[in-house]
**Student:** 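This structure is in structure tokens; I'll ask about it shortly.
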Protein chains: 2
Amino acid sequence: MAAPSIRARVRAEMIDEIKAVARRHLASDGANLSLRAVARDMGMVSSAIYRYFPSRDELLTALIIEAYDALGEAVEAADAGCDRLDLRGRWHAACRAARGWALAHPAEYALLYGSPVPGYAAPDDTIGPAQRPPLTLMGILRDGFDAGRLDPPPAAEMAGPLRADLADLAGMLGGELPETLLARGMAGWTQLFGLISFELFGRINRTLPHRDAYFDHQTALMADLIGLPRTG
Amino acid sequence: MAAPSIRARVRAEMIDEIKAVARRHLASDGANLSLRAVARDMGMVSSAIYRYFPSRDELLTALIIEAYDALGEAVEAADAGCDRLDLRGRWHAACRAARGWALAHPAEYALLYGSPVPGYAAPDDTIGPAQRPPLTLMGILRDGFDAGRLDPPPAAEMAGPLRADLADLAGMLGGELPETLLARGMAGWTQLFGLISFELFGRINRTLPHRDAYFDHQTALMADLIGLPRTG
DNA sequence: TTCTTTTCGAGAGCGGCGCTCTCGTTCGAC
DNA sequence: GTCGAACGAGAGCGCCGCTCTCGAAAAGAA
């Protein structure tokens with residue numbers, strides 16, 4: 001394992017090149033990726049691809065994982081670039097980063113968050129990377145609560161079983177996060193996904209030309225709902 | 001035009017049957033509808049389908065329009081079944097109806113709100129039916145504001161161009177609806193879409209078993225954000 | 001160095017796809 | 001009763017994912 005053999009190295013490069021070409025095809029032709037077209041672009045015959053990926057779905061899975069990681073990294077980097085206590089600034093930065101990545105990589109975003117491909121079941125390798133964006137957002141809430149800058153909403157109205165579910169979810173975040181606060185955060189994440197999807201899938205283009213302002217206003221509404229203080 | 005000829009009648013029946021079979025295939029096999037499979041199910045050869053639909057996309061468009069109308073009707077009916085002044089009840093009923101229809105017709109929902117098919121551009125026939133669910137939700141806000149039961153949030157922070165966009169949008173609703181209120185309603189609609197999509201596309205199954213309670217809590221949060229009064 | 005094993009790409013081929021074209025048939029409109 | 005339009009069947013085109021086989025080349029063992 002110390003010295004990766006030449007054969008292993010060239011094989012890894014081959015895999016990377018296949019993924020790169022596939023990503024290009026994804027960006028230009030949309031979601032229905034054609035193995036044969038990728039092979040053609042590489043000057044290979046289609047069956048040769050199967051030396052590197054056992055099926056088209058496996059290739060798609062590899063692209064999905066990399067896309068999740070790219071999105072997650074963009075969101076985490078934006079969040080990390082803010083003052084830890086500027087909760088609202090972190091929220092907006094993370095949301096804008098997610099939208100920016102999605103607008104820059106629409107086909108990959110559609111691959112991640114669009115309708116699932118019929119026969120395709122996302123393997124377990126994807127769930128970790130898939131959770132990076134929401135975990136980043138919820139981390140802002142956790143930090144805010146830990147710092148005493150975020151008041152938890154009253155827990156009165158939340159049903160017991162739901163509270164237990166959310167408590168389990170909060171356990172994954174490390175710190176202490178009240179269930180009612182987590183629920184508001186999830187509302188924000190859910191709405192963020194909806195915002196980006198609506199914009200990307202062409203549902204608000206006609207009616208709302210000022211998309212940046214709309215986006216910021218909408219994410220600010222959710223920041224209000226969560227209770228993120230207006231000044232860092 | 002008075003008496004539809006027999007030929008026209010049997011042709012219409014044929015079209016309906018093709019759509020019915022296609023819907024069945026959509027429900028069982030997912031989004032990648034196969035014209036040939038539909039033809040097989042009808043005891044026809046594939047080329048015969050082209051007597052009734054010029055292309056697979058046209059068949060999909062017909063299914064999409066019908067699905068939009070079915071969803072819209074479900075939402076409108078749920079809303080209509082409530083006391084006009086029970087704004088919060090109407091909101092919850094409409095949201096639950098949308099979710100119920102989506103859970104009952106997941107493949108059709110994916111067709112409507114999933115990632116757009118690469119080559120496929122939604123024709124103008126679809127935009128009317130597509131607006132029925134959000135128009136129903138915004139109608140609740142308009143009624144509430146008209147009745148004086150909904151206080152508009154302060155308009156101070158909203159940028160001018162965005163306010164103009166939203167004013168145009170509000171014009172489509174007939175009554176008077178402040179832009180800030182409409183923005184909150186749109187946030188609710190956006191989050192509703194995200195909620196349903198996350199649930200349908202399997203993103204919260206593991207972590208949140210009590211889905212009904214979660215859904216109701218999340219829609220209630222948005223009702224709070226909008227300012228819908230808690231008692232009808 | 002020689003021999004064996006593994007890896008790799010090419011090629012043919014299978015069934016399925018959307019779609020087109022042609023060719024008889026059938027059936028309604030005149 | 002005749003004519004023309006509508007119709008379904010069939011063959012075929014180029015595409016797809018995927019499998020199998022075969023020869024070349026490279027890597028490891030003798």
Side-chain angles (χ1 to χ4, degrees), chain A residues 1-19 21-22 24-26 28-64 107 111 116-121 123, chain B residues 1-19 21-22 24-26 28-64 107 111 116-121 123:
Chain A
M1 186 162 299
S5 70
I6 299 181
R7 201 156 207 164
R9 204 169 50 81
V10 65
R11 181 180 173 84
E13 287 173 6
M14 204 69 173
I15 289 179
D16 280 348
E17 188 177 344
I18 291 174
K19 287 194 284 193
V21 173
R24 261 184 23 222
H25 273 257
L26 216 55
S28 64
D29 297 355
N32 45 3
L33 181 67
S34 159
L35 259 183
R36 288 182 116 108
V38 172
R40 266 195 304 273
D41 258 28
M42 300 190 58
M44 291 168 66
V45 91
S46 71
S47 59
I49 301 280
Y50 288 84
R51 298 285 178 193
Y52 304 95
F53 291 94
S55 75
R56 176 177 165 275
D57 279 359
E58 292 283 336
L59 173 56
L60 273 181
T61 298
L63 295 176
I64 285 174
L111 207 59
V117 183
Y120 178 80
Chain B
M1 184 165 298
S5 70
I6 299 182
R7 200 155 209 168
R9 204 169 49 81
V10 65
R11 181 181 172 83
E13 287 173 6
M14 204 67 173
I15 289 179
D16 280 349
E17 189 177 343
I18 291 175
K19 288 194 284 193
V21 173
R24 260 182 27 219
H25 273 256
L26 217 56
S28 62
D29 298 353
N32 46 3
L33 181 68
S34 160
L35 258 184
R36 288 182 117 108
V38 172
R40 265 196 304 273
D41 258 28
M42 299 189 60
M44 292 168 65
V45 90
S46 71
S47 59
I49 300 282
Y50 288 84
R51 299 286 178 194
Y52 303 95
F53 291 94
S55 74
R56 176 177 165 277
D57 279 359
E58 292 283 337
L59 173 55
L60 273 180
T61 298
L63 294 176
I64 286 174
L111 208 59
V117 183
Y120 178 80

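Sequence lines set the chain letters: A, B, ... in the order given, protein chains first and strands last, and positions in each chain run from 1.
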**Student:** Can you tabulate the close N/O pairs, meaning under 3.5 Å, that link protein atoms to atoms of nucleotides 22-30 of chain D?
**Tutor:**
from: dA27(D); atom 1: O4'; to: Arg7(A); atom 2: NH1; distance (Å): 3.4

**Student:** Return the set of residues passing side-chain contact (heavy atoms from CB on, under 4.5 Å) with Asp16(B) (not counting sequence neighbours), or none when no residue passes.
**Tutor:**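 Checked Asp16(B) against side-chain contact (heavy atoms from CB on, under 4.5 Å); matches are Lys19(B).
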
**Student:** Taking side-chain contact (heavy atoms from CB on, under 4.5 Å) as the test, write out the residues that go with Ala12(B), two or more places apart.
**Tutor:**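 Applying side-chain contact (heavy atoms from CB on, under 4.5 Å) to Ala12(B) gives none.
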
**Student:** Rounded to whole Å, please give me the gap between CD1 in Ile18(B) and C1' in dG8(D).
**Tutor:**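 Taking atom C1' of dG8(D) as the reference, CD1 of Ile18(B) is at 12 Å.
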
**Student:** Find the distance between CZ (Arg56(A)) and OG1 (Thr61(A)) and round it off to the nearest 0.5 Å.
**Tutor:** 10.5 Å

**Student:** For Tyr52(B), answer base if it contacts any base atom (sugar-phosphate contacts may also be present), sugar-phosphate if it contacts only those atoms, and nothing otherwise; contact means non-hydrogen atoms under 4.0 Å.
**Tutor:** sugar-phosphate

**Student:** Please list, in 5' to 3' order, the outermost nucleotides of DNA chain C lying under 4.0 Å from any heavy atom of chain B.
**Tutor:** dC17(C) to dA29(C)

**Student:** To the nearest angstrom, how far is Phe53(B) atom CZ from dA6(D) atom P?
**Tutor:**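 About 17 Å, once rounded to whole Å.
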
**Student:** Which of residues 38-45 of chain B have a heavy atom under 4.0 Å from DNA chain D?
**Tutor:**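 The stretch gives Gly43(B), Met44(B), Val45(B) as the residues lying under 4.0 Å from the strand, ordered by number.
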
**Student:** How long is the straight-line distance from CZ of Arg40(A) back to CZ of Arg36(A), given to the nearest 0.5 Å?
**Tutor:**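 Atom-to-atom, Arg36(A):CZ and Arg40(A):CZ are 8.0 Å apart.
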
**Student:** Would you mind reading off the bend of the helix from dT2(C)-dA29(D) to dC30(C)-dG1(D) from its two end axes, five pairs each, to 10 degrees?
**Tutor:** 0°

**Student:** Is Ile49(B) touching bases, backbone alone, or none of the nucleic acid, heavy atoms closer than 4.0 Å?
**Tutor:** nothing

**Student:** My understanding is that only residues two or more places apart in sequence, or in another chain, count here; which of them pass salt bridge (charged side-chain N to carboxylate O under 4.0 Å, His left out) with Arg24(A)?
**Tutor:** Asp41(A)

**Student:** Tell me which donor-acceptor pairs under 3.5 Å the side chains of residues 43-53 of chain B have, and how far apart each pair is, sequence neighbours excluded?
**Tutor:**
none

**Student:** Which residue, Arg36(A) or Ala48(B), contacts DNA chain D at a nucleotide closer to its 5' end, judged by nearest heavy atom?
**Tutor:** Ala48(B)

**Student:** Working to the nearest 0.5 angstrom, can you tell me the gap between Glu58(A) CD and Ile64(A) CD1?
**Tutor:**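 Nearest 0.5 Å value for the CD-CD1 distance: 10.5 Å.
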
**Student:** Look at the side-chain N and O atoms of Ser34(A) and state whether any lies under 4.0 Å from the OP1 or OP2 oxygen of dG17(D).
**Tutor:** yes

**Student:** If you look at every strand shown and take non-hydrogen atoms under 4.0 Å, does Leu59(B) touch a base, only sugar-phosphate, or nothing?
**Tutor:**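 No contact.
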
**Student:** DNA chain C: Ser46(B) or Arg11(A), which has the more 5' nearest nucleotide?
**Tutor:**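 With Ser46(B) and Arg11(A) compared, the 5'-side residue is Arg11(A).
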
**Student:** With sequence neighbours excluded, what pairs up with Ala22(A) under the side-chain contact (heavy atoms from CB on, under 4.5 Å) test?
**Tutor:**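 Ala22(A) satisfies side-chain contact (heavy atoms from CB on, under 4.5 Å) with Leu33(A), Val38(A), Leu59(A), Leu63(A) once adjacent residues are dropped.
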
**Student:** Check the distance between dA9(D)'s P and Leu35(B)'s CG and give it to me in whole angstrom.
**Tutor:** 15 Å

**Student:** Nearest 0.5 Å please: distance from the CE atom of Met14(A) over to the CD1 atom of Ile18(A).
**Tutor:**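 Going from the CE atom of Met14(A) to the CD1 atom of Ile18(A) covers 5.5 Å.
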
**Student:** Could you tell me the separation between the CE atom of Met14(B) and the C1' atom of dA6(D), rounded to a whole number of Å?
**Tutor:** 12 Å

